[in-house]
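Throughout, protein chains are lettered first and strands after them, A, B, ... in sequence-line order, and every chain is numbered starting at 1.
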Amino acid sequence: MASLIGSYSLFFSLGFSVLILFFSFKNLKNTINFDNKLLSLTFLQLLFIILSFFGLIIAFINSDFSNSTVFNHSHTTKPLFYKISGTWGNHEGSLLLWLLVLTLFIFLFLISSKKQPKKYRVLTLLFQQIIIIGFLIFLIQTSNPFAQIYPVPSEGLGLNPILQDPALAIHPPILYLGYVGSSIIFSSVLAASSTNYISKEWAKHIKQWILISWIFLTLGILLGSIWAYYELGWGGFWFWDPVENVSLMPWLALTTLFHCVLVLEKKLLLTSWVVILSIATFTLSMSGTFLVRSGILNSVHTFANDPERGLYILIFLFTLIFLSLFVFFFFHKTDGQNNTSFFWLSKETSILINNWFMMYFLAVVLIGTIYPIFLDVLTSQKISVGPPFYHKLIIPFLIPFLLAMAIGPKLNWIKSNLQNKSHLLLLFAISLILSFLIIRILEISFLVNTILFTSAFYLFFITLRDFFIKRFKNLAQNIAHFGFSLLILSILFNNFLSTEVITNLKVGETYKSDELTINFEKIEKIKKQNFEAIIGKFNVKSDNELLDILKPELRIYNQPNIVTSEADIKTNLLSDKFMTMNLVQNQEYFNIRYQIKPFMIWIWFSVIIISFGGLFSFFKKKYEN
Amino acid sequence: MKILNLLVIIVFFFNFNVSNAKDRNLNSKITKNLRCLICQGQSIYDSDTEFANSLKLVVEKKIIEGMSENEIYEFLKTKYGEWILYDPALNQKTYILWLLPLLLFLIGGAIIFKNLKIKKN
Amino acid sequence: MGCSAFSKKNMKTKILLPFTIVSFLFIFFILYVGLNRSNIYIPETVTNEKIPTFKVKVFNSEKELTSKEIFENDIYYLLNIWASWCIPCRDEHPYLMQLKKNKKLEIVGLNYKDKVKNANNFLNELNNPYTLILSDTDGTIAIEWGAYGVPETFLIHNGKIIKKIIGPMNNNLFKEIERAVK
């Protein structure tokens, strides 16, 4: 029943799209004021998408196996929480979530943009509807979440156990708010270009939407990374996997866009560049969806691959690209900005430098991700592009980037000089000495590391100082930059100080090294609702002093029948103790990995600080308005 | 007391790190750069498939036999093809991969500097 | 930074527009073709490489052999990597029994990460196609061969791998081997 309602709601939504298109055109031609019918229609469309979404959730809660999505991704013995999160843990359901965000954002846009020009609002709605229609047809045609199965199976196939996890349950909704939320920037910029409304007012207004997307995207990526840390890998948190890369690319574009929009808002400069970036952000989100859903790339996180779906998104994606090229080349006007050069020492320049580096990072990630496809198609040679590639091309460039981040915000608009800035030099000297000492103690004698530590510390000290000196001026920016310096420092320390023990142990055996002993005390078996667990108990001792008791698990899930290894992690402010165990084929041994990962929690924490900077900026602007 | 604890832990880290066998670091460095053929999204280091576990042992053996990092990569490349390496070598096939981002960086820089006013006016 | 690139509009548009359109069409074309290709990597199966050199224990004994000693004769060898726990190995087993009848061919088994008892049970139940069984308890010998799973089979002649089969043998592959061994 719920499935049926959900299914019909989709068709109703499509109907509303047609109506909205019709009345939008009418509204564009005839009246002076924004037709409120459009607002009501958008609201109704949103309502039906919500209805459809809840229809699917209810089908999942009731384990309605006549619905093929539920049958393929759920099971009666699953806890209620994962039944619900299973709704968006699959291709069909997650696309419905896409639609929900698309319609929600355009509705919020319309009710919050009443002061904006009519034509601009109607056109934004129109462009957004094109995206909505594209996805509705995609959903109904190739991936209907309400497809029926007859005869009705008595039991479902279950949700992949690695997805049965609290972080991953909330990861898609958060990520999509950022990822899909950028669609509104896309629609808005096309509308603003067509009506020649790229202006300071527009910049001020779209900045809020950029911030919303950016905050959610940042948090979404964070959640994915945390999940990968304890569920997927052996203590790693970023693998440069294609799926991670496609979420990073829109983030880089959004971050650049945000900085650029500041210049536009203040100086009415860089208009074309802002337009390009706004288009690029959503296009990159769509490309990401294409790369992940079509199965063209090989990744740890796989959705059910289907070339037909891939083809549809590909065509749709390029339709949008060519539509925006059309708007950009034929409607976008660049008159009225003769003054496109900048004084070399100014805030504009520093933001340009930010753009320059961010675009470079984006180029590295983009080329690294899709190059293997190009090589394979053109020469039939298969290569892998992995972490070493990204590290080699990104890390050296982080150094000037960090320095620019430290100095840039000190500069004034238009023109500035650096008098009375002796503390800049002093802090640099302190950072250099500190880094030098650290490198000496750690016995990593690389020049690059010293400079990298120095520049990270430099940004850290300068932003820290500004909290006390400037107090509330530029607080949002300072928080975000401070968070970034903390992130880089945490990653560096984490990277250099991590240690690990890998060994095979039987129950009762003890691993001994100079520093510590690991005693495999026992295993016990536990039966839960949807899995059986083998839990090992390990005592980690150093000099006969008990440091930790760790209990990693092996879980044998019933539906589908998959064995997963659950790490046991003891977290404190200084470090994470991380242990996993795995079966060794045909032996009584277990493969044990014990890792000490310093400052792990600071990596998460600094990303939260960064997004808090965005949040702060968002509310500050609201307050000023 | 807390500070003392903290100090102990920090010292512990540093000692632990320094005395860590070089071989093991090299081993994990190498296995992180190898792609698993079974679960093709993961590195050998991150994977716990049978193949990955054996390959870790092979890398360990080769290190003990005295093979250098590059020799081990070369050895595995002949066995499984270039695909197994996460770090593609710079050659005809990968010029664009390695150099295009750098080229774009230079072009971007050129555009920016063209528009800067160096003199104060 | 793109700002200035677009400022002198008319002239640059004439160059930029076609350039952009062509680039995007090119990207579309590549992605379109890429869609229909498999994203799973399988190492090349056509080889003409020398067999690897290694030392290996003979199954269920303490005797050690070198690769040279195993493949010394001027006949065809078939190296088959198998394990009792591997289900596809059961499927290809009848083909191996058939090939055993071929006098120009000697089948060498490489028992992969197995327990002696289970492996013996397997052979007692389904018969033994191998003239010699080698034991690879930790899977490292299989890697010398460039294998990454079970079963894999290598056809060897004159110290060279002339054919490599990834996964279980089927009727076609069986016939190809029969044809190759003459």
Contacting region of B/Ser43 [heavy-atom separation from chain A under 4.5 Å]: neither
Smallest separation among heavy atoms of A/Tyr371 and B/Thr94, with atom names: OH-CA, 3.8 Å
Non-hydrogen atoms of A/Phe389 and B/Pro88 that approach each other most closely: CB-CD, 4.5 Å
Nearest non-hydrogen partners of A/Gly368 and B/Leu97, listed with the distance: CA-CD1, 4.0 Å
Pair B/Tyr86 and A/Trp240, ring centroids less than 6.0 Å apart: no
Under 4.5 Å from a heavy atom of chain B, the part of A/Phe361 involved: neither
Minimum heavy-atom distance between A/Asp241 and B/Gly41, given as atom pair plus value: OD1-O, 3.9 Å
Salt bridge present between B/Asp48 and A/Arg593 (N-O < 4.0 angstrom): no
Contacting moiety of B/Leu85, where chain A heavy atoms sit under 4.5 Å: backbone
Proximal component of A/Leu375, with respect to chain B [non-hydrogen, under 4.5 Å]: side chain
A/Lys570 NZ: over 12 foreign heavy atoms closer than 6.0 Å: yes
Evaluation steps, side chain to side chain contact (heavy atoms under 4.5 Å, CB included), between A/Ile367 and B/Ile96: CA-CA 9 Å; A/Ile367 292 169; B/Ile96 297 178; 5.6 Å; no
Interface moiety of A/Leu393 toward chain B, non-hydrogen atoms closer than 4.5 Å: side chain
Crowding at CD, B/Gln92 (>12 non-hydrogen neighbours, <6.0 Å): no
Heavy-atom side-chain proximity of A/Pro387 to B/Lys32 below 4.5 angstrom: no
From CA spacing to verdict: side chain to side chain contact (heavy atoms under 4.5 Å, CB included), A/Tyr360, B/Leu106: CA-CA 9 Å; A/Tyr360 168 71; B/Leu106 292 179; over 6 Å; no
Heavy-atom donor-acceptor pair, A/Trp356 side chain to B/Ile112 backbone, under 3.5 Å: no
Test item: A/Ser384 side-chain N/O and B/Ile84 main-chain N/O as donor-acceptor pair under 3.5 Å: no
CA sep, side-chain torsions, deciding dist, call: A/Gln381, B/Trp83, side chain to side chain contact (heavy atoms under 4.5 Å, CB included): CA-CA 9 Å; A/Gln381 308 221 21; B/Trp83 186 92; over 6 Å; no
